[in-house]
Undergrad: 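This is the structure I want to talk about, given as structure tokens.
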There are 2 protein chains.
Amino acid sequence: MKILIVEDEQRLATLLKKGFEENSFVVDLCFDGEEGLYMVETFPYDAVILDVMIPKIDGFTLLRTLREKQINVPILMLTAMGEVENRVKGLTSGADDYLPKPFDFTELLARLTAIIRRNKGGATSLLQIADLQLDINSKTVTRGGTQILLSAKEYAILEYMALNKNRVISRTEFSEHVYDMNFDLDSNIIDVYINRLRNKLDKKQTQKLIHTQRGSGYILKETE
Amino acid sequence: MKILIVEDEQRLATLLKKGFEENSFVVDLCFDGEEGLYMVETFPYDAVILDVMIPKIDGFTLLRTLREKQINVPILMLTAMGEVENRVKGLTSGADDYLPKPFDFTELLARLTAIIRRNKGGATSLLQIADLQLDINSKTVTRGGTQILLSAKEYAILEYMALNKNRVISRTEFSEHVYDMNFDLDSNIIDVYINRLRNKLDKKQTQKLIHTQRGSGYILKETE
DNA sequence: AGAAAGATTAACGGAAGATTAATTAGGGCC
DNA sequence: GGCCCTAATTAATCTTCCGTTAATCTTTCT
């Protein structure tokens, strides 16, 4: 999952980046509205965290601009003002959620995962593909009841496939959502991780869940 | 556990700060209602102690303002007036408890721990993880019946993990709840304390309770 | 058969964590 | 106020493990 944080307070920005990275997100940072606009137009983010009070273009204006351009990435707004009018203003301008400062990081994380999940069409935090289960909150994976231990990257790749099950994901799309902006396109790293995931969750199973679409990418689905 | 004390009498403020710190709290102090409002909006406290008679914004007004802003941190009010009407006024304005001056520090401590516990949903003061037991009131720890002596910070970190058992706690989250506002994000102090705790309570035990989640943080749990 | 795409494997290097020692801060006591 | 003891913190070093690279093997399609 890749997100963009637009926040000019250095300290808070760093804190948030670190916090999300600790929760297996890939995080790009920028510090004013202009940069923010550029980044959102250039890279496909799974969500954006947007402070209201930022230089050059303020949060509300940026939000409106994006929506006018039909860019419908989920957006969570932060504001220091803590007033009800702002909340209303934010939601009616097209923000998906709104969080007044101060907030508990856990709270922010919960809300952000919620709007991403909602956006991807799922309502629950439990993803199920045949007898494979992912719990997005605890980031745990089980197949047929037994737990499967995955590394951070392995999990990130599997989670992205699970959130987009029954759809072919290209290597490029993986790289855009699981890696940050300087990804080497000639690398075969996605193949390597697919292989590791297959060993951990499809090996010795009659029903394979990860399938290769030659020339296109990989797909996670239950039926042949 | 981190609390804020809003109290303009220097002497009392210092005394309270010291008292709570001796009981493993992290304490921020401020001296008038305006500052208080700012602090509560900026940092996530586990509870607030609020004197009624403070400069700029009085306690009741501050309390009401916070509640209107949907900031639901537990608040304990102090008043010098000692009249029944004030008690009623405080509780109906949304305070969680009320204590007339003069009071016994032990009494204040007991009430504060009570409202924090109530707020976190737990009713008991005994936390149990496998054969590890923490008594929140006496701040004593035992494993398999034998007592384990911990320093203040060691205890604070363990207590926070115990209150959130079976959930991964990131270093960022630790820093928010166990340290005050100027925490150095590059410090490895959490790692050092985890190491000490492991030496004191997991060493030479077959069942380890503190586990590392690489890239994320630490978790206290009984099962592998 | 040969080329292209994918699968597999081993190995390296670096980042994250563990550990330990050394320094600093603070509380208690006379 | 100064001394002592302990706790808190910093910093340096060691260890482990994961992300990545790259080389080789296998499959698939023309």
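Naming convention: chains lettered A, B, ... in sequence-line order (proteins, then strands); numbering from 1 in each chain.
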Undergrad: Which of these passes side-chain hydrogen bond (donor to acceptor under 3.5 Å, both in side chains) with B:D202: B:K208, B:Q207, B:R143, B:H211?
TA: B:R143

Undergrad: Return the value, rounded to whole Å, for the distance between atom CG of B:D186 and atom P of D:dT9.
TA: 15 Å

Undergrad: Tell me the interatomic distance from B:H211, atom NE2, to C:dG17, atom P, rounded to whole angstroms.
TA: 16 Å

Undergrad: Rounded to the nearest angstrom, tell me the gap between atom NZ in B:K200 and atom P in D:dT6.
TA: 12 Å

Undergrad: Which letter, B, S or -, goes with each nucleotide of nucleotides 18-26 of chain C from 5' to 3', with contact meaning a protein heavy atom under 4.0 Å?
TA: SBB------

Undergrad: Tell me yes or no: between the side chains of A:T140 and A:Q147, is some donor less than 3.5 Å from an acceptor?
TA: no

Undergrad: What's the NZ-P distance between B:K153 and D:dT10, to the nearest Å?
TA: 11 Å

Undergrad: Is B:Y179 close enough to D:dT9 that one of its side-chain N or O atoms is under 4.0 Å from OP1 or OP2 there?
TA: yes

Undergrad: How are the rings of B:F105 and B:F20 set to each other: parallel, tilted or perpendicular (split at 30° and 60°)?
TA: perpendicular

Undergrad: Given the ring of B:Y179, does B:K153 sit roughly above its face, with NZ or CZ under 6.0 Å from the centre of the six-membered ring and within 45° of the axis?
TA: yes

Undergrad: Could you check whether A:R171 and A:S216, counting side-chain N and O atoms only, form a donor-acceptor pair closer than 3.5 Å?
TA: no

Undergrad: Would you kindly say whether B:Y45 and B:D28 are connected by a side-chain donor-acceptor distance under 3.5 Å?
TA: yes

Undergrad: Reckon B:S187 has a side-chain N or O less than 4.0 Å from the OP1 or OP2 of D:dT9?
TA: no

Undergrad: Rounding to a whole Å, what distance do you find between B:L149:CG and D:dT6:P?
TA: 13 Å

Undergrad: Whole angstrom is fine here: how far is it from CD1 in B:I190 over to C1' in D:dT10?
TA: 14 Å

Undergrad: For A:Y155, does the six-membered ring have the charged nitrogen or CZ of A:K139 within the cation-pi criterion, i.e. under 6.0 angstrom from the centroid and within 45° of the normal?
TA: no

Undergrad: The helix from C:dA1-D:dT30 to C:dC30-D:dG1: angle between its terminal axes, five pairs each, to 10°?
TA: 30°

Undergrad: Any side-chain donor-acceptor pair under 3.5 Å between B:N164 and B:R167?
TA: yes

Undergrad: Expressed as a whole number of angstroms, how long is the span from A:L197:CG to C:dG6:P?
TA: 17 Å

Undergrad: Any side-chain heavy atom of A:M161 sitting closer than 4.5 Å to one from A:K165?
TA: no

Undergrad: Would you indicate which nucleotide in D:dT20, D:dT21, D:dT16 comes nearest to any side-chain atom of B:R214?
TA: D:dT16

Undergrad: Rounding to a whole Å, what distance do you find between A:D184:CG and D:dT20:P?
TA: 11 Å

